[in-house]
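Below is one structure; the comments refer to it alone.
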Amino acid sequence: MNIEIKEIVFISIVLLTIAPCSVVAFSRNILYSAFALFFTFIGTSGLYFFLDADFLAIVQLAVYIGGVLVLLLFAILLTKNIDDIKKTNTISLRRSITAGITVLVLFFSLFFVFLSTGWTPLNGGAAYPNGTIHELGRLILSKYLLPFEIASLLLLAVLIGSLVLAGKTVRQRED
Amino acid sequence: MFDFIQNHILTLIIFIPVIGGLIILFLPERHNLIRWSSLIITLIPFTLSIMLYAGFDRSVSGFSYPGGLQFVERYSWIQAFNIELFLGVDGLSMPMALLCTMLCPLCVLASWGIDKGIKGYFFLFLLLETGMIGVFCALDFFLFFISWEVMLLPMYFLIGVWGGPDREYAAIKFYIYTLIGSLMMLLVIIYMYLSATPHTFDMTRLAQLGAGMEFKTLCWIVLFIGFAIKVPVFPFHTWLPDAHVEAPTAISVILAGVLLKMGTYGMLRVNYMMFPDVTFKMSMFIAVLGMINIIYGAFCAMAQKDLKRLVAYSSISHMGYVLLGMASLTEEGLNGAVLQMFNHGVVAAMLFLLVGVIYDRAHHRRIDGFGGIASVAPNYAVISFLAFFAALGLPGLNSFISEALVLLGAFQKYRIITAVSATGVIITAAYCLWTIQRIFLGKLNEKYAVFPDINAREFISLLPLGILVIVLGIYPHPILALMKPTVRFINNLITGSGI
Amino acid sequence: MGNLESIRYFAPEGFLSVFIITFLIAGLLRRKTFSKSSFSCIAGTAGLFLTLILELCINTGYPDAIVIFSGMLKLDALSHLFKILCISSSILLFLFSYSSRETSDSLKEPMEYALLILSCTLGMMLLVSSSNLLMMYLSLEFLSLTAYMLTGFTDKNEKASEAAMKYLLYGGAASGIMAYGLSLLYGITGSLDYSGIHRFIAENNSGIILYISMIFIFTGLGFKIAAFPFHAWCPDVYEGALTPFTAFLSVGPKAAGFAVIIRFFYQIFTVRGEGDVLTVLGSADWPAMLAIISALTMTFGNLAALRQKNIKRLLAYSSIAHAGYMLMAAASLTILGIVSVFFYLSVYFLMNFGAFLVVIAVSNEFNSDEIEDYEGLAWKNSKGAFLASMFAVFLFSLIGTPPFAGFIGKFYLLLSILQPENPIYWLAVVAVINIIISLYYYARILKTMFLSRRQKGTALSGFERGQYLQYSLMAGLALFSIIFGIYWSPLNNISMLLENFIH
Amino acid sequence: MEIITLQSFLIVSLILFLTGLYTIVSRKNIIGIYMGIELILNSSALNFASFSRFAGRGLEGQVFSIFIIVLAAAEAAVALALLLAVFKRQRGIDADKLNILKG
């Protein structure tokens, strides 16, 4: 009985993740797309919980929803008058047809490849740790220390660059 | 000092022009200074090549070192690829090198009138000379290719910048045609390099390359097309009239006098000496192409209204004799072919110089636009008669001997083809005489009542060629003796491989 | 090697990181000094020079590769040579920016500009040596993000922000697809280290999924080198960005991209067998994939270049074509192929930087990048003649005519593709046809400069004192283009260090 | 039948990936396209995490996921800055209107 509930929850989270995607792809209102993206991100976070990736789930919530999505909303609101929104998130018909065909072909081919591939267990199917934070922290501070440090430099560069790029606009407005 | 020159004579001949060209770039921009220094620079290789001629051993033959090749110089250049600065001459390249170094000073004289961008002009011209001599003396395939390609760049500019009204088109057409040919060659060269063990660009070693017949045939055909574009052989000839017509006089001289010969030289050097067995099979094919060239070129020449275009097509026709002689695979025919290369170099150079003279005065080249020039410019007319008679193969003048040898040699093997080709002689006579009649004889065109006769500079540039035309017509031995052993060697190589 | 022991070998990158931070702090403290673009450029150049010297001192002559930071980076001949190439191109970027009037006029924040260039260089250095999927992805993004920002850096050029936006959208999509491919590769092999993946693929048969992941990954790599069909950003970005940065973009990141491609494909999916013959490891026939993409890339680049009117766009398409040529050698699956890619890149470095430098000099004069403004350039005055003949050297080199270095580069490429172990004849023929097509548009520029007797009205100023750096750089690049066309043994010996890149 | 398997995660992420791809290609609006990129990045991160969970592939995949998320955020910041600059100039954010530069 327990197992069934788990599966029902899983399916509903999957639906929560996938269903809003169609809104992201097809909606003519960019704000709807943004909110749909919000649900997708939440759903993905839920999927991370199912994967026992607790830390990742939290990072997903914090960074994606707290960061990326907010930036996106900022972008929408800064660059649009609210009235326009309904009309402007247009889709190019010609390109959407080609895209649709490509995507369908890719879906079916990859679908069967994924199902048919064995995904052999590695490392003798080593057990998954109970709680990932400790293990992740160890990895990031030992093996992946260099990327970790480099990422900080990258963020610094992005910070400075974005300030200049955005600041330029602000300064020009003042002129 | 003398020893040094003796030991490095080919290097000096090749590199003095380009070094001189670089010096010219840094001279002050005074026109006469630059003209005179270019003349002197081009005279140095000429003098050296006379020394070369004097020291050339006429008895040895063969394509190997040590062996038949003379004045060999061999330095390592790029060790990683076994590329060498490997120079040497044999009976085949000796007349060509001589022709080339001889024509260059004459061309400088013919370029006296250039005044726009004079430094650039002479620098490029001297670079061109280096490339040309390099092709004839190179025994390393890579060096051969580099020299072959190095000529493209100066030619492009010389035609494109200093040429006639349609020069942009002519220049790019020339460039593209030649580049197509040479890139095809490059692929084959790389292939041959890779098939030799150990990898080498040494032409004498590549000549002994044992490879499958199919592969050899493919290489042969690709190389042949590459060279045929330069000759030019019939379907690939369309660049030539444009390039000739648009190029300045001196460059037309070089084009007709030297560059066309590089095509046939390449065939003899590479196709004949490196793939004798394929050549044996393909000789019929070459003969047919030669015949087409002779007849087609002659008919086209006849139809031309522009004097320079006429001479250009006559070159195509005359190069056909070279092909026919080469295809004959007899000693007479091959001797005739090589001699024809030299003779046509002299005659075509002369004709183009004469066209240049008339163009300088009249500023057009329409054959119908003249008449009775002989009466106002008798000296000019006499030299022109000489040149045109040489072109039509009058007995006693140089072309007669080579053409006769070619036909004689070819007749032994291809009766019908030779017979058809021989009619080319009649057509050639027809258009030459007709041209003489239209330009020099008949009623004087009133426009040219005052037509300055040939001046001293032009006369000096024509005189050596005129003398050669007559002397070689009576006594071809000085040139024939150079090539005979080598030609015999080639012939034995090919006929030997066919059995 | 653990993290602490690795620091010793990490000196160039470490120094550069420290330099970046010091530069930032100094810049914030002394805004006045750093807001002069000359100061920032010179300081940046100095920093890069020191990095270069460190790289030359510390990382020379490894007989064996060294793996540092627990497999994140691999220091070998490949990383060493490509790092030198990348740092040099950044140095040239600084020198170009310094001598370009367009750049110095429009830079309001030179300190940040220099900082981003330095970061970009760091990204490239890490990228060429990374031997772990995560490190590779991270440094690729590092390079890309700084490149997006640098593209949009100027206010003067209207097209810059649009170009940068387009760059970001294409780049983001490409890197996303690449990340997806990386995840598949990780899923198949269970490892992020190149060595681990190599081991897994050698021992297991992984089926079609490997090929799929490889195609996805190549999207990201192909984007970096602007290979067809991931090239669409290239012309716009080249036209929109500042010309010095355009020049840099066509050499530095491209070199880094090729280094990654070589490392990725040759280190993971290749084994070196008897007699130095390389064979493909695993189920995916990547050389065929690269060969097809190479043919498409060069053909497309050349055909599109034919109808360009703007010199920067033309050079952009030509750089696509050149990427195609180089990809050909990468597809050859020979050791000489790897050597040839580096050789060609170093030659390309000379001629392409040179060509862009002429473009910079001319646009300083006419304020325009249209080819028609080059009309009769050679005949205007002595400076015009100088610029035109320099341009002629670079263009002939780009065409691949002897005696210029470009020919030798093409010679290497053709040589590698015709190697008897694995010859791809059709590709050689395609390349030759492409060289002939390319002649047509390069010659059009030559024609405009030299052959045309009509001269555009704009007069040309004489040689200027302040521009001597530019002229001497130009002459130096041209000189080396000629020297390496005649005697390229030194460059050959350097490139041959790559011979033992695969064990 | 087991539902919570590696394959089901892979297919969910495949759907996310392909929707993202579709969005990128079909949208005209810059922000719309950007959302597609985010979807793709999200699906890659999910892929890494699922591979890392199942069949003993270790936690390295999750490290990669974290980095993808971080890089996505950095990219978003750059995108916003550039978007403001573009918007300032042309008062609209249709990618098709980035037409000073034709392809």
Side-chain angles (χ1 to χ4, degrees), chain C residues 132-135 137-138 140-142 144-146 148-149 151-153 155 157-193 196 216 231-240 304 310 313, chain D residues 6 10 13-14 16-17 20-21 24-25 30 33-34 36-52 54-58 60-61 63-65 67-68 70-72 74-79 81-90 93 95 97-103:
Chain C
N132 179 295
L133 294 183
L134 172 56
M135 194 64 216
Y137 182 71
L138 177 68
L140 195 74
E141 282 290 282
F142 198 148
S144 302
L145 284 173
T146 44
Y148 306 150
M149 292 187 280
T151 306
F153 210 79
D155 330 336
N157 192 338
E158 299 191 337
K159 302 164 188 165
S161 326
E162 277 89 341
M165 195 69 229
K166 217 167 181 175
Y167 195 12
L168 182 130
L169 290 178
Y170 281 107
S175 83
I177 295 171
M178 181 178 172
Y180 193 77
L182 291 175
S183 73
L184 292 182
L185 189 57
Y186 168 70
I188 300 162
T189 62
S191 171
L192 290 176
D193 282 318
F216 282 144
H231 64 278
W233 58 276
C234 184
D236 295 338
V237 171
Y238 278 32
E239 190 185 353
N310 181 295
R313 284 186 88 81
Chain D
L6 176 60
L10 287 184
S13 97
L14 176 66
L16 287 180
F17 174 71
L21 203 62
I24 290 172
V25 181
I30 292 177
I33 296 174
Y34 198 75
I37 295 176
E38 291 301 335
L39 276 182
I40 288 189
L41 287 173
N42 210 36
S43 85
S44 325
L46 181 60
N47 241 358
F48 268 113
S50 12
F51 279 126
S52 127
F54 291 95
R57 282 173 174 79
E60 291 190 331
V63 179
F64 207 124
S65 301
F67 274 92
I68 288 180
V70 169
L71 288 171
E75 205 166 84
V78 177
L82 282 174
L83 196 68
L84 290 177
V86 172
F87 174 70
K88 209 238 119 211
R89 192 152 345 255
Q90 65 175 40
I93 48 166
K97 279 193 197 140
L98 298 179
N99 58 0
I100 304 172
L101 309 155
K102 288 192 199 77

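Being a predicted model, the structure only gives us computed values, none of them experimental. All chains are named by letter (A, B, ...) in the order of the sequence lines, taking the proteins before the strands, and each is independently numbered beginning at 1. These numbers come from the heavy atoms of this one structure, side chains and all, not from hydrogens, waters or symmetry mates.
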Residue among D:N47, D:I40, D:V70 with most heavy-atom pairs under 4.5 Å to chain C: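 Winner by heavy-atom pair count: D:N47.
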
Evaluate side-chain contact (heavy atoms from CB on, under 4.5 Å) for D:I68 paired with C:Y137, printing each intermediate quantity in order. CA-CA 9 Å; D:I68 288 180; C:Y137 182 71; 4.1 Å; yes

Mind listing the closest non-hydrogen atom pair of [X] and [Y] along with its distance?
X: D:L83; Y: C:M165; value: N-SD, 3.9 Å
X: C:S191; Y: C:G196; value: OG-CA, 3.7 Å
X: C:T151; Y: C:A160; value: O-CB, 3.6 Å

Check whether any side-chain heavy atom of D:L21 sits under 4.5 Å from a side-chain heavy atom of C:I177, and report yes or no.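 D:L21 vs C:I177: side chains touch.
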
Would you indicate whether the side-chain heavy atoms of D:F51 and C:I188 approach each other to under 4.5 Å? no

Segment of [X] engaging chain C (4.5 angstrom heavy-atom cut-off):
X: D:F67; answer: side chain
X: D:S13; answer: both
X: D:F17; answer: side chain
X: D:L14; answer: both
X: D:L82; answer: both

Using the six-membered ring wherever Trp is involved, compare the ring planes of C:W233 and C:Y167 and label them parallel, tilted or perpendicular (cut-offs 30° and 60°). parallel

Hey, which of C:L184, C:L192, C:L145 has the most heavy atom pairs under 4.5 Å with chain D?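 Counting heavy-atom pairs under 4.5 Å, the top option is C:L192.
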
Specify which of C:G181, C:A304, C:S144, C:G176 makes the most heavy-atom pairs with chain D at under 4.5 Å. C:G176

If one checks every heavy atom of C:L185 against chain D at 4.5 Å, the contacting part turns out to be neither

